[in-house]
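It should be emphasised that the depicted structure is a prediction, and the values quoted were computed from it without experimental measurement.
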Amino acid sequence: MGRWAAGICAVALVWWLAAAAAGDPEPDELERAFPIVEPDYGHTKLRLSQQGLEAIRRIETPIAVVGVIGPYRSGKSFLLNQLLSLSCDKGFGVGHMRDTKTKGVWVWGTPVEMDVDGSKVSVLYLDTEGFESVGKSNVYDDRIFALATVLSSVLIYNLPETVREADISRLSFAVEIAEEFYGRFGQDVAFEPAKLLWLIQRDFLQGKSVQQMVNEALQRVPNESGDRYIDEVNQIRDSLAVMGNNSTAFSLPQPHLQRTKLCDMDDKELDPLYVERRDQLKQVVASIVKPKIVQGKTLNGKEFVSFLQQILDALNKGEIPSTGSLVEIFNKAILERCLKVYREKMDGLGLPVPVDKLQQVHEGANDQARMLFDKQHFGKHHASQSILKLDDEIKKVYRNFLLANEYQSSKLCEARFSECEDKMDNLQVLKLPSMAKFNAGFVHCNRSFVRDCVGPAKESYERRMSKMLVKSRALFIKEYNNKLFNWLVTFSLVMVVIGRFVIKFFLLEIVAWVMFIFLETYTRMFWSAESLYYNPAWHIIVSSWETIVYSPILDLDRWAIPIAVLLSFWLLYWRCFGRRKRGSRSSLLPLHNKSSHKNSTRPRSD
């Protein structure tokens, strides 16, 4: 049992140590350089290195970045060690071979805490892979340069001896970024521009300051032959001259003639002028460094890593890194807000609606979304791609609304059409046929359909509605005359029965018989069934029938059964009780001569 307990304790101890190692690194462990971006296997694109990102994520204060770029083997790593007061064996790796020592982008794990405008700022120092090294493509160099340009608060352009045409040409990406993001006066910028520090090392030139050298290098070069490359570099020169307030120049003399032994020397062994200028450079960097501002706010460690991921995805997009990719990244959230505004405007419509109204609301919502985009978007030249993307997204949403409107319109019109169809079918089977009632139902149904059926399906359903109503009317008219004729025949027979056996009114019985004989014999002998319906006499009968059967006040078809029941009860009551109270004199048609039989003793039978 003792050995089992000892084994469990050992496992627990190992697990605790592993958990501690996986947690936040100790401060001593951060006193070294970490890679944050590495080249892929083809050395054309970049990928993140989680090892260095963990060192950045723990930073909670606003971050500022000092990045150094320049040709390979130009002393960038040594310069950073000098700015951080680090020796070569403790700081960034310094190589003396022909191949580049630094691969990708590295960061010093312990930020330098500075007080900037009364706020505590953590300054990170970035070392980048040099340009023009063996085995790399120009596209890879462009990605490194672009990444350092976007991430840095202070960008030190480390150049040996002088400023060359190629050095100016490499700033084209920085110029594009400046034109796209920094030239929007009165509006929030995507990220603050990096302060460009021209650092000329090993300055042996006499009579000219470094600032004069840079200014002369940025002056336009005559191009009488129309060389395209010179024109492009001249455009970069013009843009850099406009950015003059955002750049400065500084020179450093050679620290020592024996360059391969610089890492083994301390300040006492270095050139005193170099040490003096180096300390001045530290002061210059400290005076111009500012927290990194992205979309109007500073970034802590986690936010900076997220920002780095966005920029890297944009730069890796496509075969060549472009400013347009960066513009799309920063305009992505704005596009989503514009689409949200468009959708909210369109969602205010209660579908279905007429097509012209939907088009009108679409145009208003589209204009509103475009106005919002024009007000908030980033980028000048490359923003057109984002505008095209916004238009495409709005068109997709609009097509969905068109389909939804068509579906809702078909659904509503189909429901109203079915209601009208059912109503027309019900009017076909009236117990007491009435042309006036049919016409009233016809008009009401057509009016309700025209009022309620809206949208793109209305036109097609109107055609179906017209055909259905015409067909129903023709069928009703055909059945109407036949039903009316049969009802009149039935009515005459009923009047005969009532006049003969119920109320015993001889005149009523005679009129009913005449009507029955007229309908059954005279019309068959002298009129055809069709000609009867066009005879003026038949029109008089129809008008009388319509007056009796249907009116806006009384619909006899609806109340026929209740009225018939009430009349039956009334006749029954009158037949059984009314005549007993009034006596035999109340008979309308006497059957016996009372005067001739007044002396008779035989019982009278009524």
Is L270 close to L262 at the side-chain level, that is, under 4.5 Å between some pair of heavy atoms? yes
Can you find a side-chain donor-acceptor pair between D279 and Q283 that sits under 3.5 Å? no
Would the distance check show the side chain of S287 and the main-chain N or O of V284 forming a donor-acceptor pair, the cut-off being under 3.5 Å? yes
P71 vs P160 side-chain heavy atoms within contact, under 4.5 Å: yes
Interatomic distance, L151 atom CG to I311 atom CD1 [nearest 0.5 angstrom]: 7.0 Å
Ring centres under 6.0 angstrom apart (F131, F145): yes
Side-chain heavy-atom pair E113, S122 within 4.5 angstrom cut-off: yes
Ring centre gap for Y157 and W198 strictly below 6.0 Å: yes
Do Q212 and E216 have side-chain atoms, one donor and one acceptor, less than 3.5 Å apart? no
Without hydrogens or angle criteria, can the side chains of Q201 and S74 be said to hold a donor-acceptor pair below 3.5 Å? no
Is there side-chain contact between R278 and L79, with at least one heavy-atom pair below 4.5 Å? no
Rounded to the nearest 0.5 Å, how far apart are CD1 of I334 and CG of L372? 8.0 Å
Is it true that a side-chain atom of K45 and a backbone atom of D40 form a donor plus acceptor pair closer than 3.5 Å? no
So, D89 and S87: side-chain donor and acceptor under 3.5 Å apart, yes or no? yes
In terms of side-chain heavy atoms, does K292 have a donor or acceptor partner in S152 at a distance below 3.5 Å? no
Should the pair K389-D392 be classified as a salt bridge under the 4.0 Å nitrogen-to-oxygen rule? no
I'd like to know if the side chain of E393 and the backbone of L390 have a donor-acceptor N/O pair within less than 3.5 Å. no
Exam field: side chain T248 to backbone L197, donor-acceptor pair closer than 3.5 Å: no
Test side-chain contact (heavy atoms from CB on, under 4.5 Å) applied to R58 and L30, step by step: CA-CA 11 Å; R58 66 184 184 83; L30 297 176; 2.6 Å; yes
Among N158, D127, L147, T128, find the one that has a side-chain contact (heavy atoms from CB on, under 4.5 Å) with I69. T128
Classify the side-chain pair E363/Y398 by whether it contains a donor and acceptor separated by less than 3.5 Å. no
Whether E129 side chain and K103 backbone form a donor-acceptor pair below 3.5 Å: no
Is there a side-chain contact between K90 and N81 in this structure, where contact means two heavy atoms from C-beta onward sitting under 4.5 Å apart? no
For a quick test of reading the model, state the closest non-hydrogen atom pair linking F401 to M346 and the distance between them. CZ-CB, 3.3 Å
Taken in chain and number order and not counting sequence neighbours, the residues that satisfy side chain to side chain contact (heavy atoms under 4.5 Å, CB included) with I168 are V163, A217, L218, V233, I236, R237, L240
Go through the side-chain N and O atoms of Q219 and N215 and say whether any donor and acceptor fall under 3.5 Å apart. no
Where F78 and C88 come nearest, the two heavy atoms and their spacing: CD1-SG, 4.1 Å
Run the salt bridge (Lys or Arg N to Asp or Glu O under 4.0 Å) check on D367 and R370 step by step: do they pass? CA-CA 5 Å; D367 292 342; R370 287 292 296 270; over 6 Å; no
Tell me if a side-chain donor or acceptor on D167 pairs with a main-chain N or O of R164 at a distance below 3.5 Å. yes
